[in-house]
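The block underneath contains the structure these notes are about, expressed in structure tokens.
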Amino acid sequence: MKSFHIFLLGVLFCLSLCVQTASAVISFDKSFYSPLNSKRPLRKSTSLIVLHTTEAPSKSALQKLSALGECNYCIDEKGRVYLIIDRQREAFHAGRSMWNGRTNVDKFSVGIEVCGYHDKALTTAQFRALADLIAELKHYYKIPDHCIIPHSQVAYATPNRWFTRSHRGRKRCGMMFALPVVRRLLGLKTRPGSDPDVKAGRLIVGDKHLSNVLYGTVQIPRSVVAAAVAAQKKPPAAPNKKGKQDVAPPPADNKKSPPGKKTSPAPPPAVPPPIAVASAEVDAIRRNEGNVIGKNHSAWDIARNAYNNEHTVYTFPDGTKKCGHQIVDFKSIPVGTKVEVNVSDENLPDTYQIIGINGTAEDIAGEETLSFQTIYVCPDGHYFRGSQLNQQSLKKLRYNTKVLTGYSVGGPVTVKRTPTDICGAQWRAKDTFYLINNRLVPGNQVDEKKIPSGTMIFYRS
Ligand SMILES: [Zn+2]
């Protein structure tokens, strides 16, 4: 088995050489060239290349990166390289950052965004394009391999609810670029051996998993590697079939079959494709993560500094959703809550407040706490108007009771009384809620053919 490993490393090395030497002159797409270029200062020095993952598909990422001037280059899923901010100018890509005692890494680095996720394999085209771009920049700026590092390696956070000191681990952005197997694909031979700022006591480790990826070794079961390699040895999908091919196709077999001999199935390629191995290793870094809150797996562990962001969505075990910025008490989030980061605007949940998550009834409804138009929907599906409650019964409202302020109650829906009869055009509004199976279903998500008879509707008055 050991010899297999050595063989694999050899192959990776050869292939990484191929990737490097095959680099052609890179043509840059300027269709997302940032309008902020003229406003960005020239860097006085360049000693780092910082690699990012957009954590969003190229369609939305490119627009944002360009509008805010947040990187020098961006590589989309097809391997197209976009010039966003001229390479000699400062791009605002690293945010709160420090490396070897120097803060504000934007001032001395080039920032490259790759459209993809920190824990998912990139496309072959992206690996190739990134290798080419790195080779060119390395040559131009004379930057050594260990100074080409992921964003997560330089980002840091100030004290927060989880840490009393400034700490590494604000983000996991680009962390796959620290994996030796991925670095070999990018033509990089070395990486930093330890965190200089943690070593010097300037920061503490705030994310052990990240630290393990950056400086330790990620163990992947050999069976996973073998399976990944085997999967890639399969011939490419038949031409007319749909299906993405993210992995390198096996080398083309140009030799013609000797005359007279039957054409046998193509032999397996002589070398196992390295991208498959990289994919397996990248997958391995995800195994410790998961996006469900557990006893020892907090919102911070999952979402990092996006934990209280408006584009981070928490889906509670009962199916209700909240955005990060709507949550007051992160300790009260129940185990089993799913956390999604970078949710696009159209998929964001609609807003009502929740007792326990957003505070007490008074915190949420203020002077309207006992109002006729404040509706409390309990986890068991019972609901009350504020006017039916008093200070004592308010205190008895359970954790996870939803609070709607400024609402009317309509219903019930019957065969003769449709949602339109009850609340007119508002029946389809996203801030109109149907109480179905103890859940509040927004009007824009309700299936009009499946609204049970007897359903109550809460709509803005
Ligand atoms: Zn980043």
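Not measured: the values here are computed from a predicted model. Counting starts at 1 for both ligands and their atoms, following the listed order. Residue numbers count from 1 along this sequence.
Ring to ring, Y33 and Y82 are not that close: their centroids are 6.0 angstrom or more apart. For H93 and H52, the gap between ring centers is short of 6.0 Å.
Salt bridge status for D145 with K138: present, with a side-chain N to carboxylate O gap under 4.0 Å.
Listed for the R168 side chain is a donor-acceptor partner under 3.5 Å among the backbone atoms of V154. Between the side chain of D29 and the backbone N or O of V81, no donor-acceptor pair lies under 3.5 Å.
Closer than 2.8 Å to the Zn ion (ligand 1) sit the protein N, O or S atoms H52 ND1, H151 ND1, C173 SG.
None of L122, T123, L133 except one satisfies the side-chain contact (heavy atoms from CB on, under 4.5 Å) rule with V114; the exception is L122.
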